[in-house]
Amino acid sequence: MTASATSHIDIAAPLLQVQGLSKSYGGVRAVRDISLAISSGTVFAVIGPNGAGKSTLLNLLSGLHQPDDGTIRFAGVELVGMPPHLRARHGLARTFQKIRLFKQLSVLENVLVGYHTRHAIPPWQYLLHGAAFQQERRRCREQAIDLLEFVGLSHRASIAAGALSYGEQRLLEIARALATAPRLLMVDEPAAGLNTTEVAALLLRITNLRARGITVVMVEHNMNLVMTVADRILVMDYGQFLFEGTPSEVQCHPKVISAYLGADVP
Ligand SMILES: Nc1ncnc2c1ncn2[C@@H]1O[C@H](COP(=O)(O)OP(=O)(O)OP(=O)(O)O)[C@@H](O)[C@H]1O
Ligand SMILES: [Mg+2]
């Protein structure tokens with residue numbers, strides 16, 4: 001193959017392609033030889049029992065941890081070895097299972113912090129009143145308020161993030177992640193702490209993001225949400241690939257039923 005042929009990006013290629021990804025912590029093989037391909041503009045869910053390696057997979061994709069083995073290609077760029085902030089500049093954003101907000105800052109300020117990956121200006125400058133940043137600040141504030149509107153938190157903009165309910169804090173994490181204008185958004189248990197009405201609203205938001213062309217990778221235990229919104233689902237168990245398919249394929253697959261219900265499957 002020629003050099004020009006190898007540098008050509010196939011528009012039909014998956015947005016994210018993972019090959020042979022593995023990560024151990026001491027003796028625990030958290031992720032073992034996972035391969036997957038995610039098409040642009042789809043919702044890809046990752047499910048599996050507690051400790052299956054779902055969050056570790058997101059940690060490897062976002063660059064929080066580096067894999068022991070394997071490759072991660074995003075829009076034609078190899079991500080392994082690249083630090084998280086550079087991955088964010090390439091269009092990856094995430095939320096965390098264990099919430100990571102600036103609890104003392106206001107809800108709005110937390111979203112504004114998300115903008116720093118898009119600009120050369122350090123995040124703390126957005127919080128100052130320097131004249132040089134006034135116009136930029138105004139534009140960012142408007143966009144941040146739009147994002148808060150999107151997650152249903154605009155009426156809470158000025159209160160401290162730490163005063164939000166657990167479910168609201170998870171929504172704020174989504175708004176902050178979206179402030180980086182991602183092509184691919186990874187969410188780790190976005191429905192945790194949400195009531196039924198809030199889960200229904202979350203479902204609409206995820207559908208809306210997909211309609212805008214944002215690819216979503218969602219780790220989630222809420223099966224109603226997963227089965228309704230996901231285009232494809234990866235099932236992991238003990239760090240390993242168990243099955244991948246559409247919601248209806250996953251629901252009736254014997255190995256999946258066995259992993260979840262502990263049923264004996266011949
Ligand atoms: N930083 C770490 N150090 C040591 N062990 C870890 C670390 N991260 C994950 N593990 C271990 O790797 C395994 C997979 O953990 P992980 O958090 O990825 O599971 P999970 O599928 O997200 O589970 P849950 O549904 O409970 O969130 C577990 O045994 C966990 O204890
Ligand atoms: Mg997890």
Side-chain angles (χ1 to χ4, degrees), residues 16 18-36 38 43-72 74 79-85 87 92-101 166-167 169-174 176-177 182 184-194 198-199 202-203 206 215-230 232-245 247 250-251 253 255-263:
L16 184 77
V18 167
Q19 282 291 339
L21 210 60
S22 295
K23 178 71 178 178
S24 292
Y25 298 102
V28 179
R29 296 173 71 192
V31 166
R32 307 192 215 180
D33 195 21
I34 292 289
S35 297
L36 54 90
I38 301 177
V43 176
F44 186 92
V46 184
I47 65 170
N50 292 117
K54 306 178 297 293
S55 295
T56 303
L57 179 62
L58 291 199
N59 290 343
L60 298 176
L61 297 179
S62 63
L64 192 68
H65 296 168
Q66 294 293 338
D68 302 326
D69 219 340
T71 60
I72 306 168
F74 179 68
L79 296 184
V80 171
M82 189 186 283
H85 71 280
R87 295 188 197 201
L92 277 109
R94 72 169 294 180
T95 66
F96 291 88
Q97 182 173 358
K98 194 167 179 300
I99 294 168
R100 295 185 172 196
L101 291 168
Y166 180 69
Q169 290 189 18
R170 305 203 76 88
L171 293 170
L172 177 54
E173 280 224 324
I174 293 177
R176 186 176 59 178
L184 185 140
L185 173 68
M186 295 176 272
V187 284
D188 198 346
E189 301 200 16
L194 301 187
E198 290 166 333
V199 172
L202 176 68
L203 192 153
I206 293 171
T215 308
V216 179
V217 178
M218 177 173 71
V219 169
E220 185 51 62
H221 284 289
N222 183 319
M223 285 305 124
N224 283 338
L225 176 62
V226 168
M227 295 302 165
T228 312
V229 80
R232 297 196 69 80
I233 302 171
L234 167 69
V235 189
M236 293 178 69
D237 197 15
Y238 295 106
Q240 289 173 298
F241 177 101
L242 193 70
F243 185 71
E244 200 231 288
V250 164
Q251 268 169 308
H253 197 282
K255 273 192 192 171
V256 180
I257 296 167
S258 169
Y260 269 95
L261 305 178

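Numbering of ligands and ligand atoms starts at 1, following listing order. Positions are given from 1 along the sequence.
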Original post:
For ligand 1, is there an N or O atom under 3.5 Å from any N or O atom of His65?
Top reply: no
Original post:
Is there side-chain contact between Val250 and Arg232, with heavy atoms separated by less than 4.5 Å?
Top reply: no
Original post:
Short check: is a protein heavy atom less than 4.0 Å from atom 14 (C) of ligand 1?
Top reply: yes
Original post:
Which of the atoms of ligand 1 are close to Glu189, meaning less than 4.0 Å from one of its heavy atoms?
Top reply: 25 (O), 27 (O)
**OP:** Sort by chain and number the protein N/O/S atoms that are closer than 2.8 Å to the Mg ion (ligand 2), and list them.
**Re:** Ser55 OG, Gln97 OE1
**OP:** Give the residue, atom name and distance (to 0.1 Å) of the protein heavy atom nearest atom 21 (O) of ligand 1.
**Re:** Lys54 NZ, 2.7 Å
Original post:
Counting only N and O atoms by type, is there a donor-acceptor contact under 3.5 Å from the side chain of Glu220 to the main-chain atoms of Ala191?
Top reply: yes
Subject >> Nearest protein heavy atom with distance in Å, relative to atom 17 (O) of ligand 1 >> reply: Ser55 CB, 3.8 Å
Original post:
Would you say the side chain of Val235 lies within less than 4.5 Å of the side chain of His253, judging by non-hydrogen atoms?
Top reply: no
**OP:** Would you kindly say whether Asp33 and Ser22 are connected by a side-chain donor-acceptor distance under 3.5 Å?
**Re:** no
Subject >> Note, Leu16 side chain near Leu61 side chain (heavy atom, < 4.5 Å) >> reply: yes
Original post:
Is there at least one pair of N or O atoms, one from Ala52 and one from ligand 1, spaced under 3.5 Å apart?
Top reply: yes
Original post:
Got a sec, which residues hit ring-ring contact (aromatic ring centres under 6.0 Å, His included) with His65, two or more places apart in sequence or on another chain?
Top reply: Tyr25
**OP:** For residues Val219 and Val187, determine if any side-chain heavy atom of one lies less than 4.5 Å from a side-chain heavy atom of the other.
**Re:** no
Subject >> Identity and distance of the protein heavy atom lying nearest atom 12 (O) of ligand 1 >> reply: Ala30 CB, 3.2 Å
**OP:** Among all protein heavy atoms, pick the one closest to atom 23 (O) of ligand 1 and tell me residue, atom and distance.
**Re:** Gly51 N, 2.8 Å
Subject >> Close side-chain approach of Thr71 and Val18, heavy atoms under 4.5 Å >> reply: no
Subject >> Reported CD-to-CG distance for the pair Glu189 and Leu225, which is rounded to 0.5 angstrom >> reply: 11.5 Å
Subject >> For atom 4 (C) of ligand 1, the protein heavy atom that lies nearest, with its residue and separation >> reply: Tyr25 CB, 3.3 Å
Original post:
Short question: side chain of Asp237, backbone of Pro49 - any donor-acceptor pair under 3.5 Å?
Top reply: no
**OP:** Before signing off on this row, confirm whether Gly53 and ligand 1 have an N or O atom pair separated by under 3.5 Å.
**Re:** yes
**OP:** Under 4.0 Å, heavy atoms only, figure out whether ligand 1 is touched by the backbone of Met236, its side chain, both or neither.
**Re:** neither
Original post:
To which protein heavy atom is atom 26 (O) of ligand 1 closest, and what is the distance rounded to 0.1 Å?
Top reply: Asn50 ND2, 2.9 Å
Subject >> His221: numbered ligand 1 atoms lying under 4.0 Å from its heavy atoms >> reply: 25 (O)
Subject >> Identity and distance of the protein heavy atom lying nearest atom 27 (O) of ligand 1 >> reply: Gln97 NE2, 2.8 Å
Original post:
Do the side chains of Leu57 and Leu234 get nearer than 4.5 Å, heavy atoms only?
Top reply: yes
Original post:
Which is it for Val28 and ligand 1 at heavy atoms under 4.0 Å: side chain, backbone, both or neither?
Top reply: side chain
Original post:
So do the side chains of Ser62 and Arg87 get within less than 4.5 Å of each other, counting heavy atoms only?
Top reply: no
Subject >> Heavy-atom protein neighbour under 4.0 angstrom from atom 31 (O) of ligand 1 >> reply: no
Original post:
Taking C-beta and beyond as the side chain, do Phe241 and Leu36 meet within less than 4.5 Å on heavy atoms?
Top reply: no
**OP:** Could you tell me whether Glu173 and Arg170 have a side-chain N and a carboxylate O separated by less than 4.0 Å?
**Re:** no
Original post:
At what distance is the nearest protein heavy atom to atom 18 (O) of ligand 1, and which residue and atom is it?
Top reply: Thr56 OG1, 2.5 Å
